[in-house]
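Values reported hereafter were calculated over all heavy atoms of this structure, with side chains retained and with hydrogens, waters and symmetry mates removed. The chains referred to below are lettered A, B, ... by the order of the sequence lines, with proteins before strands, and numbering in each begins at 1.
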Protein chains: 4
Amino acid sequence: MPPSSPARAQSPPRVGPDEKRFRILEAARRVCTREGYEAATMEAIAAEARVSKGTLYNFFESKEHLFLSTVLQSYDEAEARFDGGPSEDPRVRLDGFLEAMIESFPHVAAGMMVNLQVWAVVSRDADSRTRMFEDLSQRYGRLGADLETTLSAGQRAGVFRPDFAAAAVAAGLLAVLDGYVYRSVFDPGRAGARDLRASFDALIRERVLVSGTEEGR
Amino acid sequence: MPPSSPARAQSPPRVGPDEKRFRILEAARRVCTREGYEAATMEAIAAEARVSKGTLYNFFESKEHLFLSTVLQSYDEAEARFDGGPSEDPRVRLDGFLEAMIESFPHVAAGMMVNLQVWAVVSRDADSRTRMFEDLSQRYGRLGADLETTLSAGQRAGVFRPDFAAAAVAAGLLAVLDGYVYRSVFDPGRAGARDLRASFDALIRERVLVSGTEEGR
Amino acid sequence: MPPSSPARAQSPPRVGPDEKRFRILEAARRVCTREGYEAATMEAIAAEARVSKGTLYNFFESKEHLFLSTVLQSYDEAEARFDGGPSEDPRVRLDGFLEAMIESFPHVAAGMMVNLQVWAVVSRDADSRTRMFEDLSQRYGRLGADLETTLSAGQRAGVFRPDFAAAAVAAGLLAVLDGYVYRSVFDPGRAGARDLRASFDALIRERVLVSGTEEGR
Amino acid sequence: MPPSSPARAQSPPRVGPDEKRFRILEAARRVCTREGYEAATMEAIAAEARVSKGTLYNFFESKEHLFLSTVLQSYDEAEARFDGGPSEDPRVRLDGFLEAMIESFPHVAAGMMVNLQVWAVVSRDADSRTRMFEDLSQRYGRLGADLETTLSAGQRAGVFRPDFAAAAVAAGLLAVLDGYVYRSVFDPGRAGARDLRASFDALIRERVLVSGTEEGR
DNA sequence: AATGAATGAGTATTCATTCAT
DNA sequence: TATGAATGAATACTCATTCAT
């Protein structure tokens with residue numbers, strides 16, 4: 001027997017607060033993508049989420065907090081996707097990273113303009129900016145450290161070439177991803193997942209793998 | 001004898017319209033960098049440029065047009081800086097590109113948030129967005145084609161390794177730059193000119209140059 | 001027992017949206033009469049109606065729409081008043097028209113400046129002008145046709161003189177009213193309801209009635 | 001020999017200040033007719049008159065004064081036209097009045113909206129309103145007195161019917177004219193010079209003239 | 001918890017007027 | 001006398017936020 005009262009069976013299916021919260025976040029993202037941050041009025045977001053304006057304020061303190069949550073959620077999602085997996089073979093692990101990035105590229109690219117605008121707004125308050133940028137910085141730091149560890153492990157194991165600076169390659173790899181995300185905004189024709197893969201191949205895989213290891217096998 | 005025309009020596013140093021226009025553009029950039037696009041009121045920009053609000057509208061049709069001009073001007077400046085020079089040696093030419101990028105990196109990074117916010121605002125109008133993004137796309141296209149030409153020439157001349165896809169490296173090179181610009185916004189400590197150079201060295205120079213050519217000389 | 005519903009007796013007397021709408025229209029009329037259209041700021045109208053500026057925009061799309069509603073409402077009121085009644089005797093019916101006009105003259109005169117200024121503003125947009133003027137034209141047409149019908153009926157019945165052009169008299173009658181309204185703006189001392197009646201008597205009643213019918217009784 | 005210096009014969013024909021003043025007044029009238037008072041900017045008037053904005057202020061103290069002059073000039077013109085002429089026959093004199101009104105009707109109608117808007121603006125200042133309305137009131141008073149004198153003279157001379165109140169007819173006559181001017185704004189199809197004449201005939205001429213005097217002669 | 005009418009601070013833009021040339 | 005660039009006061013309108021129901 002379901003926990004909800006049988007007497008309310010005829011009323012419309014009640015949605016839980018988590019689902020409503022999620023609906024609002026998605027609505028905010030959609031409206032902001034379509035119209036831009038300032039043009040994304042609380043009115044429009046409420047309509048898109050099919051709730052009232054007042055309900056928005058039951059879930060989020062303010063417009064700024066709502067969008068901050070939007071951004072933080074998108075970071076969490078991205079981080080979850082970017083986990084290279086538990087493999088112990090550095091080659092497999094690197095490949096996992098790269099493929100995860102290529103796969104999530106369209107989604108990340110689509111959300112970039114929202115994130116950037118929220119940065120701009122949040123940045124007006126020095127404290128918020130510091131907190132948000134520190135959070136981001138740490139996420140990038142963790143990801144970069146993971147990559148660097150993998151690369152170094154591969155070098156020690158002899159499956160990666162010894163003649164590259166692991167840290168510079170790890171940071172460069174992230175930069176290539178971000179650069180493509182950025183370019184995809186205005187030049188989607190030359191900055192798609194396929195192009196990203198080609199650059200990853202040319203600059204990362206072929207640079208890192210011991211000759212003959214992969215291609216010559 | 002004063003440098004200005006003797007006939008008007010007694011009048012206060014009048015500024016020409018070009019100088020005033022420039023002052024307004026710089027003021028807009030500064031205020032937007034400090035406060036964000038929406039918080040950069042025409043009032044504040046006028047005060048920063050030490051002109052009246054009305055004068056802003058004598059030079060620019062609207063806030064949007066003012067910031068559009070700001071962005072276009074920054075693109076022109078960047079393009080001028082990124083010219084690799086006329087050398088015929090592909091190695092010298094590539095080096096010219098990379099050094100120009102590293103050198104102008106701080107300036108480009110500083111202007112990024114302004115540009116991105118203006119994108120977001122301009123994008124509300126489909127036509128403006130198309131025009132602006134087409135312009136950007138072409139600038140990137142020209143730069144990428146230049147780089148690719150240089151890389152291919154080096155391959156044909158035997159001074160660059162034959163085993164890389166010139167187009168993918170050219171596009172990746174631009175992506176590395178953009179990625180660092182992006183990261184510098186929230187993580188300046190790990191995304192400075194020095195870090196950019198390290199990634200360029202590891203991913204571009206060492207990937208592209210024939211072993212022994214440069215490092216072994 | 002209070003006159004309001006007992007169930008809500010304890011809450012403050014809430015005004016319905018219709019009453020608020022009416023209050024705003026009246027406030028707009030008053031302020032515009034006092035200060036003129038341009039000087040009648042939305043701020044001032046809101047204060048006069050004891051609502052906030054935002055509420056004005058909840059009821060009316062724009063200042064122009066607000067005043068357009070003001071004018072249309074005043075036309076409706078005037079038309080309702082100008083109905084000569086259902087009498088079948090043309091003399092009674094004509095008298096009804098004339099008396100209604102004389103009676104509503106002060107009210108119509110008071111609203112004239114507002115209406116004229118709104119015409120001027122609305123006329124900037126060709127479509128709005130066409131619509132508004134067509135509406136007015138039809139109202140005048142209806143009224144003129146009614147009058148003409150009454151006059152002709154009286155002629156056929158032998159209670160009105162046969163030697164006048166009904167259409168020209170009907171149109172002239174309306175013109176006399178409008179002319180007095182117009183003159184009352186700057187010359188109220190010589191353009192009051194009493195003067196209007198005198199001109200109606202001299203130009204309409206004595207012109208139209210068969211000699212001896214009224215004066216000779 | 002012309003008063004202007006022969007030595008300037010080759011320069012463009014200089015216009016005198018009176019002509020320039022007139023050009024400005026005409027330009028103001030045209031722009032205000034087209035766009036309305038508030039939308040008639042000093043900029044637009046200057047352009048229409050082919051002078052600079054500064055020159056406007058050399059001739060008129062302010063926008064309000066400029067338009068006040070416009071209106072006063074139009075009154076002077078109208079008054080000059082409405083002079084019935086020096087005839088001693090009341091019938092000829094009345095006819096002169098009526099024909100002058102019919103003839104100048106289109107011009108008066110065309111200028112009405114400008115005058116009304118200027119009234120509205122000038123009225124914001126109580127003193128200006130009083131002055132302007134007093135002026136207008138006196139002009140109407142003079143015209144009405146003239147008409148009344150003519151009508152009374154005709155009655156005493158036996159060429160006009162004895163059974164009408166001369167003052168009420170005189171005032172009514174002016175009202176008919178004004179009423180048609182007013183209606184011509186929104187209903188030009190039914191308020192032209194021809195309609196005005198018909199109403200004048202039906203309400204004034206046929207009311208006033210002794211039967212057989214005119215038509216039967 | 002949900003609603004949406006009411007609020008009023010905040011801003012881009014206009015335009016009459018001035019004044020240095 | 002003529003010009004037109006510069007000025008800044010003034011105002012319609014928006015929208016985040018509140019709160020009575």
### Task
Evaluate the side chain to side chain contact (heavy atoms under 4.5 Å, CB included) criterion for residues C:Phe133 and C:Trp119: first the C-alpha distance (whole Å), next the side-chain angles of each, then the deciding distance (0.1 Å), finally the verdict.
CA-CA 9 Å; C:Phe133 283 179; C:Trp119 287 7; 4.0 Å; yes
### Message
If I take atom CG in residue A:Asp18 and atom P in nucleotide E:dA1, what distance separates them, rounded to the nearest angstrom?
### Response
13 Å
### Task
May I ask you to evaluate whether B:Ser52 reaches the phosphate of F:dG8, defined as a side-chain N or O under 4.0 Å from OP1 or OP2?
no
### Query
Taking the nucleotide of DNA chain E with the closest heavy atom to each, which residue, C:Pro17 or D:Glu38, is nearer the 5' end?
C:Pro17
### Task
Tell me whether the OP1 or OP2 atom of E:dA5 has a side-chain N or O from C:Asn58 closer than 4.0 Å.
no
### Query
Expressed in angstrom and rounded to an integer, what is the separation of B:Phe59 atom CZ from E:dT13 atom P?
17 Å
### Under 3.5 Å donor-acceptor pair, D:Lys53 side-chain atoms to E:dT17 base atoms
yes
### Task
Looking only at side-chain atoms of C:Ser62, point me to the closest of F:dA12, F:dC13, E:dT11.
F:dC13
### Query
Is there a donor-acceptor pair under 3.5 Å between the side chain of D:Ser128 and the backbone N or O of D:Arg124?
no
#### Entry: Complementary nucleotide of F:dC13, counting Watson-Crick and G-U pairs under 3.5 Å
E:dG10
### Task
Measure the spacing between CZ of C:Arg30 and CZ of C:Arg23 and express it to the nearest 0.5 Å.
10.0 Å
### Task
Report the distance from atom CZ of A:Phe67 to atom C1' of F:dA16, rounded to the nearest whole Å.
12 Å
#### Entry: Polar side-chain atom of A:Gln117 near backbone of A:Tyr37 as donor-acceptor pair, under 3.5 Å
yes
### Task
Considering just the side-chain nitrogens and oxygens of B:Thr55, establish if one lies under 4.0 Å of OP1 or OP2 belonging to F:dT7.
yes
### Message
If the cut-off is 4.0 Å, is C:Lys20 near the phosphate of E:dA5, judged by side-chain N/O to OP1 or OP2?
### Response
no
### Task
Determine the contact category for B:Phe60: base if any of its heavy atoms lies under 4.0 Å from a base atom, sugar-phosphate if only primed atoms, P, OP1 or OP2 are that close, otherwise nothing.
nothing
### Query
How long is the line joining CG of C:Leu56 and P of E:dA6, in whole Å?
11 Å
### Nearest-angstrom distance from the residue atom CD of D:Glu64 to C1' of E:dT17
14 Å
### Query
A:Lys63 has a side chain; which of E:dT11, F:dT17, F:dT3 sits nearest to it?
F:dT17
### Task
Calculate the interatomic distance between C:Glu61 atom CD and F:dC15 atom P; express it in whole Å.
14 Å
### Query
Applying a 3.5 Å limit to both distances, which nucleotide forms a Watson-Crick or G-U wobble pair with E:dT21?
F:dA2
### Distance under 6.0 Å and angle within 45° of ring axis: C:Lys63 vs C:Tyr57
no
### Message
Please report the distance, rounded to the nearest Å, between CZ in B:Arg124 and C1' in F:dT14.
### Response
12 Å
### Query
Separation of A:Met42 atom CE from F:dC15 atom C1', in whole Å?
10 Å
### Query
Taking for each residue the nucleotide of DNA chain F with the nearest heavy atom, is it B:Gly54 or C:Ala39 whose nucleotide lies nearer the 5' end?
B:Gly54
